[in-house]
Amino acid sequence: MKQFNKQATSLLLAAGMGLAATAAWSADNLADVLKARGLSQQDLLAAAKTYVPTGKRDEFVVFSSGGQSGQVIVYGIPSMRILKYIGVFTPEPWQGYGFDESSKKVLAGGRIDGKDITWGDTHHPAISETNGEYDGQFLFINDKANPRIAVIDLRDFETKQIVVNPVFKSEHGGTFVTTNTEYVIEAAQYPAPLENKKFYPLEEMNEKYRGGVTYWKFDRKEGRIQTNESFSLELPPYWQDLSDAGKGPSEGWSFTNSFCSERYVGGIEKGRPPYEAGCSAKDTDYLHVINWKKAAELVKAGKAKKINGHNVLPIEVSVKEGILFLVPEPKSPHGVDVTPDGKLIIVAGKLDTHVSVFSFEKIQAAIQSGKFESKDPYGIPVIGMKDALHVQVSLGLGPLHTQYDSKPCIAYTSLYVDSQVAKWNYCEGKVLDKLSVHYNIGHLMTMEGDSTKPAGKYLVALNKLAIDRFVPVGPLHPQNHQLIDISGDKMQLLYDMPLPLGEPHYAVGIDAKKLKPAVRYKVGTDSRTDKPHPGATLAGQEKTVKKGNKVEVFGTLIRSHITPETIEVDVGDEVTIHLTNLERAQDETHGFTVSTFNVHASVEPGKTVSVKFKADKEGVYPYYCTEFCSALHLEMMGYLLVKPKGWKPTKMELAKGSYTEADYKATVKKVVDTQAIIDSVVAYITSVNYKDFPDVVAMVEDAFDQLGKTKGLKEKHEGFAAKKDWENANLWAEQIWQYQVKTADLGLRAKTYLEQNGAKKVK
Ligand code: K7E
Ligand code: CUA
């Protein structure tokens with residue numbers, strides 16, 4: 001943080017000097033640019049704080065909900081450059097998500113009542129934690145509309161699992177993880193009968209409608225949620241909202257706020273005041289305080305009842321066993337955020353200018369001494385607000401969410417109505433600073449701000465409205481994520497980023513160094529199951545198998561050809577094409593599609609993917625690689641021939657080229673010349689300490705991999721030449737050159753890398 005200020009000063013000095021000496025500088029000096037673009041020194045400072053020069057990387061990585069897109073958006077901080085969209089609840093064609101067989105199975109995990117649901121209203125991402133700190137292994141995200149949770153593995157940034165909540169019809173307060181990611185918390189939103197497909201009239205709201213909180217058991221070794229070990233607490237038909245897990249002293253507990261504890265039922269069409277009036281009539285709603293550790297034990301002890309095959313602890317059991325309590329919280333609260341030390345719980349008012357800071361110690365003292373002010377209509381003990389409060393602070397209009405700084409006692413709260421971020425001290429209950437944002441902020445997010453060790457430095461305001469901030473793109477505006485420097489005493493606005501995909505509600509930011517994604521898969525891996533793919537194929541073992549009307553192709557991909565290059569089937573056959581990417585080079589992804597059959601796969605190095613379709617129409621359908629993977633990427637193709645019933649071949653010869661001996665000799669010379677280039681590059685690489693550069697070692701390995709494929713081809717083309725078959729002689733010599741080109745390409749990339757990264761001569 002000090003560093004920031006130092007940098008800032010020297011930059012300002014530099015800019016100031018520039019302004020003073022304008023006349024002497026060339027046309028494109030800093031001062032001229034500032035003037036021409038109408039930038040202030042403050043702008044320049046912000047630019048310097050956010051600019052990440054070419055070749056450099058961001059310090060933090062953000063996982064943002066993609067809102068109604070059903071995806072996750074990944075971007076870097078401080079640059080705010082978008083890095084990836086992860087397909088989660090919605091098919092995502094680039095990654096083949098929903099267009100290849102394994103990813104279809106992941107999406108099928110999110111089917112409800114036998115129907116595909118191909119969108120999601122994603123709200124709250126959460127990074128897996130170890131001892132309350134982000135560990136960078138997994139990401140979870142919820143779907144509010146169709147109560148579901150997804151698991152993303154951060155080794156490959158792919159969605160591995162979607163689970164459907166068995167008892168809710170909507171949810172909001174997910175996902176929040178416990179200190180060691182034992183459970184992923186998901187709370188209901190709008191009350192409904194817990195039993196599936198059960199109808200009760202709205203008049204029976206109080207008796208038959210229920211809310212709840214689900215604790216999804218996460219198996220870290222498998223990287224999957226274990227549904228049979230998961231459970232829910234039945235809760236009254238208050239509208240449970242957000243949640244957070246306790247940590248430190250409050251570990252083992254979780255907190256879920258609620259609104260509409262009025263249990264109001266609207267009906268504008270019947271002349272009743274709308275929900276918005278009836279749901280905000282009372283001055284207080286309830287914070288649910290739950291001992292999840294004990295709840296898990298009760299479930300193990302058989303105290304749960306099964307609803308829709310899922311373990312649910314009835315309210316009476318939770319009350320009797322002393323694991324469920326309520327604390328009044330002011331007027332239609334929103335957001336519940338446990339402080340990094342786990343001692344306090346901050347709830348924002350939404351319709352109240354206050355944030356309320358509750359003390360876990362006081363809550364526990366009330367529970368221990370049995371000091372309750374009343375019981376709610378369902379018999380749940382209610383702790384007096386005064387007995388639980390640490391402090392209440394008036395921050396402004398529409399407080400929603402709170403995040404924490406690396407500095408003790410410092411929090412930031414979003415003020416929706418005021419369109420401001422408030423910085424305040426929650427230990428002393430003092431407002432420290434306010435910053436206007438643009439406009440109507442929902443969530444905000446500090447780096448690692450949900451963990452026990454927030455990293456400070458930056459805050460992102462996730463603003464709902466952009467209004468006039470960007471070039472207009474029609475009535476539907478992007479959202480505006482604003483980057484704010486929180487390293488000093490005063491917050492400083494640095495950058496506006498339009499987010500053009502859904503309404504991102506929440507985001508989490510992690511130190512980029514904690515993420516260790518893989519470069520390639522072990523050859524033959526099914527990335528969605530993390531297991532060996534039954535369709536995996538090695539080079540030279542490609543084959544097409546036909547059994548009855550089922551055709552299975554076991555193929556491979558490598559620059560720049562697909563093996564096989566012709567697939568012949570009969571009309572009506574069910575075709576499955578398994579493809580293994582044999583590349584090991586970083587970023588050598590191939591794609592695959594077959595014309596008009598609505599299949600697509602992204603096949604990263606080492607991955608095996610299957611696409612499946614019914615060849616229900618006769619004809620000729622090109623298939624090709626969809627990633628521009630090499631200079632001869634366009635040649636990476638083949639033909640699917642769907643033959644009519646009873647078709648017999650008539651003309652058996654393929655059209656021939658007219659190659660001559662001269663063509664052959666020219667190709668052979670090209671091969672010899674190219675080899676000389678390769679040899680010189682190899683000589684350079686081996687003359688320096690290339691082994692000290694793991695990236696280069698990988699490139700060299702890949703290069704020799706490619707060159708190794710030329711083995712036996714020289715004898716082959718010479719054999720054809722001896723028989724004066726110039727076509728085959730020339731083409732096989734050409735194929736050697738194709739491999740050489742890829743070798744040279746990698747070699748030159750390695751050479752450039754070494755030159756740019758200060759490789760040293762070795763003897
Ligand atoms: Cu406040 Cu869904 Cu987290 Cu939106 S919620 S803002
Ligand atoms: Cu492989 Cu293009």
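Just so you know, residue 1 is the first one in the sequence shown, and it goes up from there. No experiment lies behind these values; they were computed from the predicted model shown. Numbering of ligands and ligand atoms starts at 1, following listing order.
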Check: D450/Q403 side-chain N/O donor and acceptor closer than 3.5 Å: yes

Under the ring-ring contact (aromatic ring centres under 6.0 Å, His included) rule, collect the residues that match up with F138, sequence neighbours excluded. F218

Under the side-chain contact (heavy atoms from CB on, under 4.5 Å) rule, collect the residues that match up with L748, sequence neighbours excluded. V681

Where ligand 1 meets H124 - atom numbers and elements under 4.0 angstrom, heavy-atom basis: 2 (Cu), 3 (Cu), 5 (S)

What do you reckon, are the aromatic ring centroids of Y75 and H481 less than 6.0 Å apart? yes

Geometric class of the W239/Y275 ring pair [parallel <30°, tilted 30-60°, perpendicular >60°]: tilted

Taking the six-membered ring where the residue is Trp, are the ring centres of Y183 and W292 under 6.0 Å apart? yes

Kindly indicate, with the supporting measurements, whether the criterion side-chain hydrogen bond (donor to acceptor under 3.5 Å, both in side chains) is fulfilled by S610 and H578. CA-CA 4 Å; S610 309; H578 310 288; 2.7 Å; yes

Below 4.0 Å from any atom of ligand 1, is there a heavy atom belonging to K464? yes

Which of the atoms in ligand 1, numbered in the order shown and given with their element, are less than 4.0 Å from a heavy-atom of H172? 2 (Cu), 3 (Cu), 5 (S)

Is the ring pair Y623/F592 parallel, tilted or perpendicular, if the boundaries are 30 and 60 degrees? tilted

Just checking, is any N or O donor in the side chain of S527 or E158 under 3.5 Å from an acceptor N or O on the other one? yes

Would you mind counting protein N, O or S atoms that sit less than 2.8 Å from atom 1 (Cu) of ligand 1? 2

Using a cut-off of 2.8 Å, how many protein N, O or S atoms lie below it in distance from atom 2 (Cu) of ligand 2? 4

Under 3.5 Å, is there a donor-acceptor pair linking the side chains of D285 and Y238? no

Tell me, with the steps shown, if K434 and Q420 meet side chain to side chain contact (heavy atoms under 4.5 Å, CB included). CA-CA 6 Å; K434 281 194 187 181; Q420 284 188 320; 3.3 Å; yes

